[in-house]
Each structure stands twice: as C-alpha cells, then as structure tokens.
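Letters A, B, ... are given to chains in the order of the sequence lines, protein chains preceding strands, and every chain is numbered from 1. Because only heavy atoms are used, hydrogens play no part in the values below, and waters and symmetry mates are left out as well, while side chains stay in.
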There are 2 protein chains.
Amino acid sequence: MRENLTQTIEDYLKTIYQFTLEHQRATTNQIAESLGVTPASVTGMLKKLAATEPPLVEYKKHYGVLLTPAGEKIALEIVRHHRLLEMFLVQMLGYEWDEVHSEADRLEHHISEAFEERIAEALGDPQRDPHGNPIPTRELAIQKLNDIPLRSLQPGQKGVVQRVRETDPELLRRVAELGLVPGAHFEVLEYSPLDENLLLAIAGQPVSVVLGKGITNQIFVKAI
Amino acid sequence: MRENLTQTIEDYLKTIYQFTLEHQRATTNQIAESLGVTPASVTGMLKKLAATEPPLVEYKKHYGVLLTPAGEKIALEIVRHHRLLEMFLVQMLGYEWDEVHSEADRLEHHISEAFEERIAEALGDPQRDPHGNPIPTRELAIQKLNDIPLRSLQPGQKGVVQRVRETDPELLRRVAELGLVPGAHFEVLEYSPLDENLLLAIAGQPVSVVLGKGITNQIFVKAI
DNA sequence: AATCGAATTTAGTGTAGCCTAATTAAGAAA
DNA sequence: TTTCTTAATTAGGCTACACTAAATTCGATT
Ligand SMILES: [Mn+2]
Ligand SMILES: [Mn+2]
Ligand SMILES: [Mn+2]
Ligand SMILES: [Mn+2]
C-alpha cells in the first residue's frame with residue numbers, strides 16, 4: 001500500500017489512538033504534551049495527516065482529531081509491535097517490566113513484519129503484554145478494555161488486577177513490590193474520603209497496604 | 001559524551017570504516033555509491049563530520065577521508081551492534097543467514113546499550129557473526145582480518161572458509177547450498193585462466209564444482 | 001606545458017519536522 | 001450579550017539531509 005511513514009507520523013497516530021480510547025477525540029494540547037512538542041507543531045502535523053490520500057485523521061479546526069480507518073490500522077500495527085516487543089524483551093531477554101517501555105517505544109518503528117512474526121511465534125501469540133494491555137492480533141483485532149480504575153472500588157469489594165499504566169518505571173517497580181501485578185486478587189478494606197486512600201488486602205501478601213490515588217488511578221481492575 | 005548522532009551519520013561512519021579496511025582512504029564516489037546518495041550529498045556530510053568537536057573524520061578536499069579515533073569508535077560500536085544482531089536473529093529467532101543483513105542494518109541504530117548487552121550475554125559473547133565477520137568486543141577491540149579471496153588460490157592448495165560477503169542474499173543462498181560456509185574445508189583442483197573459474201572439491205560434498213569469480217571474489221579463506 | 005575527462009565541490013533548492021511570537025476562536029463567567 | 005481565559009492556529013524561521021546543475025580540480029595524456 002504505502003511505505004512512506006516516518007517514525008514521527010507513527011508516533012502521532014499511536015498517540016491519537018491512545019487518547020481516543022478514553023475520550024471521543026484527541027486535542028492538540030494533549031498530543032503536544034504527550035509527544036513533548038509544542039501545540040504549534042501538532043497543528044501543522046494534523047493538517048498534514050488530514051491531507052494525505054487516504055486521510056489518516058479526521059480533523060476539524062479547534063475541535064480535535066480522531067483516526068480514520070486507515071489511520072487506525074497503522075496505529076494498531078504499531079501498538080502490536082510495541083506490545084509484542086515488550087513481551088519479547090521480558091520473556092526472551094530477561095528485562096524487568098519497568099525497563100521495556102522506552103526500548104519498545106523506539107524499536108516498534110524499526111522492526112520488519114518478519115521480525116514481528118517471528119517473535120509472535122516464539123512467544124506463542126500472547127494475548128497481553130507484561131503490563132496487561134491486550135495485543136492486537138495479526139489481523140489487528142483488539143479486545144475492548146472493560147476494566148475500571150482500582151480507585152473506583154468500594155470497601156468490601158474484591159477484584160483482580162487487569163493492567164497497569166506502563167509509562168512510569170518508578171510506579172511499576174512499586175506495584176511489583178506490592179504484588180499488584182496483572183492477575184493478582186485483592187479486597188478493598190477501607191476508603192478514606194479525605195485523602196482518597198484505599199486500604200487493600202492483597203492475596204498472598206502478609207500485610208494490607210494503604211494506597212493513594214497516585215497509584216490507584218494507574219491500576220485497572222475487574223470487580224468480582 | 002555525545003548523543004546527537006543521527007542514523008545518517010552512523011551510516012556514513014560505518015561505510016567509511018568498511019572502505020578503509022581495504023584501502024587507505026574512502027573516496028566521495030565510493031561512499032555515495034554505497035549509501036545510495038549523490039556525491040554532492042557526500043561532500044556536504046564529510047565537511048560536517050570534519051567540523052564537529054571532536055572531528056569524526058579527517059578530510060582533505062579532493063583526497064578522500066578517513067576516520068579519526070573518535071569516528072572509528074562510533075563505527076565500531078555500530079559494527080558490534082550489527083554483527084551481534086545478525087547472530088541473534090539467526091540463533092534466537094530462526095532467521096536464515098541471507099535474511100539478516102538488511103534487518104540488522106536498520107536495527108543497529110536503534111537498540112540500546114542494554115539490548116546490546118543482553119543479546120551478547122544470551123549468545124555467549126560470540127566472536128564472529130553468521131557470515132564469519134569478527135565481532136568487536138565490548139571494549140571495541142576487533143580482530144584483524146588475515147584471510148584472502150578464494151579466487152587467489154592456486155590448484156593443489158587446500159583451505160578453510162573464513163567469511164562470505166553478506167550484502168547479496170542471492171549469493172548467500174547459493175554459497176549455503178554449496179556448503180562453502182565459514183569453517184568448510186576445500187581443495188582447489190583446477191584453475192582455468194580464460195574464464196577465471198576454479199574447480200573446487202568441498203569436504204563432505206559428493207561432487208566438485210566450478211565457480212566463477214562472481215563467487216570466488218566474495219569468499220575469503222585461509223590456506224592450509 | 002596545454003588539454004581533457006573523471007572526480008569532486010559549490011551553489012541553489014526542497015522536504016520534514018521542529019520552534020517562538022503573534023493572532024484568533026471557543027466557551028465560561030460576568 | 002459582552003468579556004475574559006485558555007486552546008488552537010498562523011506566520012515566519014531554523015536544522016538536517018537530500019537533490020540538480022554548474023563550476024572546479026586532479027592527474028593523466030598528449
Ligand atoms: Mn507489524
Ligand atoms: Mn505495555
Ligand atoms: Mn553499542
Ligand atoms: Mn554479517
């Protein structure tokens with residue numbers, strides 16, 4: 001089809017994809033913040049992405065953007081690369097889960113389809129990455145997320161961890177220490193409205209812990 | 001030290017390094033041809049590389065270039081990446097030896113030092129890549145080549161294959177088919193001056209083969 | 001020593017993507 | 001409805017690296 005996609009363009013599309021998972025559209029400032037560029041640069045790029053044939057984004061001045069099917073296809077391709085790479089780094093090269101994100105964020109743009117295919121095969125076509133994010137299939141189908149932030153649970157509710165935000169290594173190390181990794185079971189014991197802390201009993205851990213929303217907002221769970 | 005090296009600069013330095021292995025300096029046209037850019041572009045880049053602090057190349061107008069110690073250090077770093085990656089692709093991901101060069105040529109610029117270190121360890125610090133090229137050590141020491149083209153052997157001489165030029169996948173497949181891979185023993189039976197063909201008996205192969213210089217120039221051997 | 005062809009360099013442009021500063025539009029508050 | 005704040009866009013420039021076309025240098029040959 002095409003082949004003139006720069007790493008820059010791929011990063012813009014991936015970023016827009018991530019934002020539109022949680023909101024209906026991505027705004028100029030969000031994208032700028034996330035990519036570490038100025039809003040002016042984003043506006044320029046959005047106009048360009050909207051002007052390609054086929055267009056990669058749907059863009060209306062002052063209203064934000066969303067991906068066209070063509071743009072989403074590319075974004076999912078990159079997301080698949082990213083998450084397969086993370087899994088590969090952990091499982092085959094012995095990386096820790098807090099070390100993989102930045103490495104994958106670069107490599108996702110540079111591996112071939114052959115490389116993608118070989119690691120997928122070597123890993124046995126994993127469904128999720130080390131942080132619990134679903135991996136798009138070869139055909140770029142991806143499971144819908146139906147988890148909720150740990151923070152939204154009430155005292156007495158039990159749950160199981162689904163995924164953890166992956167961008168902050170510090171957070172990931174802390175979460176691993178706590179044993180709150182994907183698959184871990186827990187029960188909310190108390191909620192203190194003042195400081196918005198949760199008291200949590202984690203299965204297999206001897207003592208319960210108090211967690212602020214700096215953490216509970218970054219962990220996504222399913223209630224049971 | 002620095003960290004502002006583009007992939008483009010790394011490729012120029014690596015190319016100059018390769019040429020200066022076989023000649024005392026690299027010329028503008030050679031570099032242009034090898035990188036697929038125009039000579040005018042090369043001139044521009046050479047001036048730039050000579051003007052950095054510290055300078056990466058020694059450049060005199062109309063006389064070609066060679067690397068400074070600083071430039072060579074970077075070139076060797078990239079060569080180490082390249083050759084470790086090739087080994088990794090073959091040994092851990094099941095690539096064939098004719099498939100790895102182009103993949104490694106891209107990835108060499110994008111893996112981290114941590115990635116380099118992990119694959120080196122996983123592979124047991126290999127000395128040579130799949131094509132028989134020596135891999136620089138962590139400290140960037142590299143064995144001198146002391147092999148000669150197969151073409152230069154006389155009838156009656158025996159030898160062992162050291163390395164094979166890696167850039168042409170077609171050639172590599174043919175060479176693998178013949179069993180003339182690094183480590184293979186052989187004897188030169190005949191030389192026909194007219195067409196510059198060699199008749200070769202390869203250890204372990206049932207029949208002897210006639211090879212033109214399209215092949216014998218690309219295989220490097222040690223006589224025994 | 002003069003000439004010629006190949007190699008190289010210079011001069012002038014183009015594209016991608018970023019920036020700052022100045023301007024405009026949208027939406028909340030008055 | 002008008003005003004104000006914030007978000008977004010425009011205008012104008014900059015750097016990296018490529019290209020084409022025109023000039024120059026080298027070194028070989030007369
Ligand atoms: Mn892919
Ligand atoms: Mn992840
Ligand atoms: Mn390295
Ligand atoms: Mn090789």
Side-chain angles (χ1 to χ4, degrees), chain A residues 2-16 19-20 22-53 55-66 71 74-75 78 105-106 108-110, chain B residues 2-16 19-20 22-53 55-66 71 74-75 78 105-106 108-110:
Chain A
R2 111 204 75 246
E3 243 347 287
N4 35 3
L5 294 173
T6 62
Q7 163 164 359
T8 303
I9 288 179
E10 291 178 349
D11 275 333
Y12 272 91
L13 294 175
K14 196 178 75 159
T15 301
I16 296 167
F19 277 117
T20 50
E22 308 195 1
H23 315 85
Q24 44 274 63
R25 55 209 166 79
T27 70
T28 301
N29 276 0
Q30 281 173 335
I31 299 167
E33 156 94 37
S34 168
L35 291 175
V37 298
T38 62
S41 302
V42 173
T43 298
M45 181 57 84
L46 294 182
K47 289 167 79 169
K48 177 174 161 180
L49 295 177
T52 59
E53 185 46 52
L56 300 176
V57 303
E58 214 169 285
Y59 169 59
K60 253 197 171 163
K61 271 182 198 167
H62 298 282
Y63 283 91
V65 271
L66 42 85
I74 296 162
I78 302 301
D105 233 13
R106 248 177 309 108
E108 63 189 3
H109 309 288
H110 304 293
Chain B
R2 111 205 74 244
E3 243 347 286
N4 35 4
L5 294 173
T6 62
Q7 162 162 2
T8 303
I9 288 179
E10 291 179 349
D11 276 333
Y12 272 90
L13 294 175
K14 195 178 74 158
T15 300
I16 295 167
F19 276 117
T20 51
E22 307 194 2
H23 317 84
Q24 44 274 65
R25 53 208 169 79
T27 71
T28 301
N29 275 359
Q30 281 172 336
I31 298 167
E33 156 94 36
S34 169
L35 290 175
V37 298
T38 62
S41 302
V42 173
T43 299
M45 181 57 83
L46 294 183
K47 290 167 77 169
K48 178 173 161 179
L49 295 177
T52 60
E53 184 49 51
L56 301 175
V57 303
E58 215 170 284
Y59 170 59
K60 252 198 170 164
K61 271 181 197 167
H62 293 101
Y63 282 90
V65 270
L66 41 85
I74 295 163
I78 302 301
D105 233 14
R106 249 177 310 109
E108 62 189 4
H109 309 288
H110 304 292

- Taking CD from B/Gln7 and C1' from D/dT15, how many angstroms apart are they, rounded to a whole number? 18 Å

- Task: Figure out the NZ/C1' separation between A/Lys48 and C/dG14, and round it to whole Å.
- Result: 13 Å

- Between CD1 of A/Ile31 and P of C/dC18 the distance, given in whole Å, is 12 Å

- A/Gln30 side chain vs A/Thr27 backbone, donor-acceptor pair below 3.5 Å: yes

- Message: What's A/Thr8 touching, base or sugar-phosphate or nothing? Going by heavy atoms closer than 4.0 Å.
- Response: sugar-phosphate

- Message: Does the protein touch nucleotides 4-13 of chain D at the base, only the backbone, or not at all? Give it as B, S and - per nucleotide, heavy atoms under 4.0 Å.
- Response: ---SSBB---

- Spacing of B/Met45 atom CE relative to D/dT15 atom C1', expressed in whole Å: 12 Å

- Item | Least distance between heavy atoms, B/Tyr12 atom then B/Ser41 atom | OH-O, 3.9 Å

- Message: Any side-chain N or O of B/Tyr12 below 4.0 angstrom from OP1/OP2 of D/dA16?
- Response: no

- Is a side-chain donor or acceptor of A/Thr52 paired with a backbone partner of A/Lys48 at a separation under 3.5 angstrom? no

- Query: For A/Thr6 and C/dG17, is the shortest distance between a side-chain N/O and OP1 or OP2 below 4.0 Å?
  - Reply: yes

- For B/Ile9 and D/dT15, what is the distance between atoms CD1 and P respectively, to the nearest whole Å? 15 Å

- Item | Cationic N near anionic O, under 4.0 Å, A/Lys14 to A/Glu108 | yes

- Query: Taking the side chain from A/Thr15 and the backbone from A/Asp11, do they hold a donor-acceptor pair closer than 3.5 Å?
  - Reply: yes

- Taking atom C1' of C/dA16 as reference, at what distance in whole Å does atom NE2 of A/His109 sit? 16 Å

- Search all heavy atoms of A/Val65 against all heavy atoms of A/Val57 and return the closest pair with its distance. CG1-CG2, 4.0 Å

